Amino acid sequence: MIICSCNVIREHDIRAAARRGCRDAKSAYASMGCQFDCGSCEDLAEFLVEDECENMVRVDKDAA
């Protein structure tokens with residue numbers, strides 16, 4: 001699903017950036033060589049990064 005129409009960034013791109021260590025949407029976009037343009041995607045992108053980070057913590061706890 002496309003999250004950012006301005007930069008054509010998909011959900012899986014944002015989640016992958018979070019898995020690579022980006023802890024907020026701004027750094028996730030920067031890691032892809034982009035920045036927010038119109039800003040309409042910022043809240044959803046932030047949610048996706050936070051959700052992916054929570055999922056990674058949950059998996060780590062389950063593995064322990």
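Atoms considered below: every heavy atom in the structure, side chains included; atoms not considered: hydrogens, waters and symmetry mates. Owing to the predicted nature of the structure, the values given are computational and were not obtained by experimental measurement.
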For Val49 and Arg15: C-alpha separation, side-chain torsions, deciding distance, then whether side-chain contact (heavy atoms from CB on, under 4.5 Å) applies. CA-CA 6 Å; Val49 170; Arg15 289 185 180 277; over 6 Å; no
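Taking both residues in full, the closest heavy atoms of Ala18 and Arg23 are given as O-NH1, 2.9 Å, listed atom of the first, atom of the second, then distance. In plain terms, the two heavy atoms of Arg10 and Ile3 that are nearest each other are C-CG1, 4.0 Å. Nearest heavy-atom pair, Cys22 versus Cys53, reported as atom, atom and distance to 0.1 Å: O-SG, 4.1 Å. For Met32 against Asp13, the heavy-atom pair with the smallest separation is SD-CB, 3.7 Å.
Between atom CG of residue Leu48 and atom CD1 of residue Ile9 there is a gap of 11.0 Å, rounded to the nearest 0.5 Å. Distance check: Cys4 SG to Asp37 CG gives 7.5 Å after rounding to the nearest 0.5 Å. Atom CE of Met1 sits about 11.5 Å away from atom NE2 of His12, to the nearest 0.5 Å.
With contacts defined as side-chain heavy-atom distances shorter than 4.5 Å, the pair Glu46/Asp24 qualifies. Counting heavy atoms from C-beta on, the side chains of Phe36 and Glu42 come closer than 4.5 Å. Side-chain contact between Val8 and Ile2: present, with at least one pair of heavy atoms (C-beta onward) separated by less than 4.5 Å. The shortest distance between side-chain heavy atoms of Glu52 and Arg19 falls below 4.5 Å.
A single hydrophobic cluster is seen to contain both Ile14 and Phe47, as judged by linkage of ILVMFWY side chains at heavy-atom distances under 4.5 Å, directly or through other members.
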